[in-house]
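Worksheet: the structure to be examined is printed underneath.
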Amino acid sequence: MAADLDRAHHFYGEVFGWGFRPTRQGHGRYTIAYTEGGVPTVGIGASSPSSGVSLPVTWTTYFAADSADDVASRVQERGGTVAVGPLEFGSGRVAWAADPDGANFGIWEGDLTSAWWGERRPGAPVWLELRTRDAFEAALFYGQVFGWDTQGRERCDVRFEHDRVVLHIDGKAVAGLRGGAIEAAPDPNVRPRWRVYFCVKDVDEVAERATELGGGVISPAADTPYGRVAVLRDPEGGIFSVAAVRKGPADGEPGGSG
């Protein structure tokens, strides 16, 4: 969600090389971003009173659901909160929720236009990471809410590796859950939150480009077990992360290759 959609288009278009197409989603201005080759990758909407839902400038992680109503009920039963919805949103149904530690996320029931996991395509989301108070408690919450434990190990597998809980889907590592977040921390980067990592060829170059375009660097580029990463912000304060594309054995993780 962006306060100024045109400004967001300029910034992210320059940083990731995205193209944009308007689409009918919700009640306000909404666009789908496309990577090179016309592959849909993310959605960007205008957060304005005319949209009917006022949200902060932020990237939100959405989880697919067969029934948004059923998932929303499980969120509440397990100590989370549902702030908005489920409600009709374009061609599907959506709800915005938070886990027991306050990390926000979305629930989406509808068509999935992009199957980008493990594609290693520059500009596409490549990894999700939850910073939370207790990674194991969070894994239990999300596992029960989204049925990770009912789909079988051949479909979903949760492991502890590199000091975090890692979710594997169809053999690919797609998300990590790390402890140590503090809900009352003045720094939003330390509070419980879902982070989205975008795949890039050169983390340092992208960080420099983001700064030149009015954004900034929250955590400088650094090498990790998952490759070289950095945490950045856009000109309106939206936080996102980038991870370098490189060959390696960690398929489906930042820095890995498909």
Side-chain angles (χ1 to χ4, degrees), residues 12 15-18 33 35 39-44 58-64 99 103-106 108 112 114-132 135 138-139 142-143 146 148 155-181 188-207 210 217-234 238-258:
Y12 287 104
V15 168
F16 294 125
W18 290 343
T35 59
V39 179
T41 182
V42 297
I44 302 181
T58 185
W59 284 100
T60 300
T61 295
Y62 287 80
F63 294 92
D99 66 24
N104 298 319
F105 61 95
W108 172 252
L112 302 176
S114 178
W116 47 261
W117 293 115
E119 289 293 323
R120 308 265 90 39
R121 181 180 293 107
V126 69
W127 175 253
L128 300 172
E129 185 163 284
L130 174 68
R131 289 299 304 273
T132 187
Y142 287 98
F146 292 105
W148 295 348
R155 172 63 175 163
C156 291
D157 185 20
V158 180
R159 312 173 194 168
F160 184 77
E161 54 189 54
H162 296 304
D163 75 3
R164 72 202 71 192
V165 177
V166 178
L167 170 66
H168 297 253
I169 296 180
D170 294 334
K172 295 183 182 293
V174 297
L177 294 78
R178 295 183 61 187
N189 197 41
V190 182
R191 297 176 202 151
R193 63 180 299 125
W194 279 97
R195 295 177 176 176
V196 57
Y197 286 74
F198 295 102
C199 194
V200 298
K201 293 181 179 179
D202 188 320
V203 167
D204 299 83
E205 179 183 326
V206 168
V217 176
I218 294 177
S219 297
D223 294 321
T224 75
Y226 299 98
R228 192 161 180 80
V229 302
V231 182
L232 311 176
R233 63 169 177 80
D234 65 26
I239 298 174
F240 63 101
S241 300
V242 291
V245 181
R246 65 169 175 79
K247 293 182 178 181
D251 183 29
E253 301 166 359
S257 60

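At a threshold of 4.0 Å, the pair Asp202-Arg228 does not count as salt-bridged, since none of the basic side-chain nitrogens sits closer than that to a carboxylate oxygen.
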| message | Run the side chain to side chain contact (heavy atoms under 4.5 Å, CB included) test on Thr61 and Phe63 for me, step by step, so that the C-alpha distance in whole Å, both residues' side-chain angles and the decisive distance to 0.1 Å come before the verdict. | response | CA-CA 7 Å; Thr61 295; Phe63 294 92; 3.9 Å; yes

| task | List the steps, then state whether side chain to side chain contact (heavy atoms under 4.5 Å, CB included) holds for Val174 with Trp127. | result | CA-CA 5 Å; Val174 297; Trp127 175 253; 5.7 Å; no

| task | Applying side chain to side chain contact (heavy atoms under 4.5 Å, CB included), run through Phe240 and Arg233 and close with a yes or a no. | result | CA-CA 6 Å; Phe240 63 101; Arg233 63 169 177 80; 5.6 Å; no

| Full working for side chain to side chain contact (heavy atoms under 4.5 Å, CB included) between Arg121 and Val39 | CA-CA 10 Å; Arg121 181 180 293 107; Val39 179; 3.6 Å; yes

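Taking the six-membered ring for Trp and thresholds of 30 and 60 degrees, Tyr12 and Trp18 have nearly parallel ring planes, at less than 30 degrees apart. Ring orientation note: the planes of Phe16 and Phe198 are tilted relative to one another, at an angle of 30° to 60°.
Closest approach of Thr60 and Gly106 over heavy atoms only: CG2-N, 3.7 Å. Here the closest heavy-atom approach between residue Ala243 and residue Val203 is recorded as C-CG2, 3.9 Å. Ser241 approaches Arg195 most closely through the heavy-atom pair OG-CD, 4.2 Å. The shortest non-hydrogen separation linking Val15 to Ala210 is CG2-CA, 4.2 Å. Taking each heavy atom of Thr41 and Gly123 in turn, the nearest pair found is OG1-O, 3.8 Å.
A 4.5 Å side-chain heavy-atom check between Val42 and Pro125 finds at least one atom pair inside the cut-off. The closest side-chain heavy-atom distance from His168 to Glu161 is below 4.5 Å. The closest side-chain heavy-atom distance from Pro122 to Val200 is not below 4.5 Å. No side-chain heavy atom of Ile239 sits under 4.5 Å from any side-chain heavy atom of Leu232. Annotation: side chain of Trp148 is in contact with side chain of Leu167 (closest heavy-atom distance under 4.5 Å). When side chains are defined from C-beta on, Val158 counts as touching Val165, because their heavy atoms get closer than 4.5 Å. In this structure, the side chains of Tyr142 and Asp99 come closer than 4.5 Å at one or more pairs of heavy atoms.
With hydrogens and angles disregarded, no donor-acceptor distance shorter than 3.5 Å links the side chain of Thr132 to the backbone of Ala135.
Between atom CG of residue Leu177 and atom CD of residue Glu129 there is a gap of 8.5 Å, rounded to the nearest 0.5 Å. Atoms CG and SG, from Asp170 and Cys156 in turn, are 7.5 Å apart once rounded to the nearest 0.5 Å.
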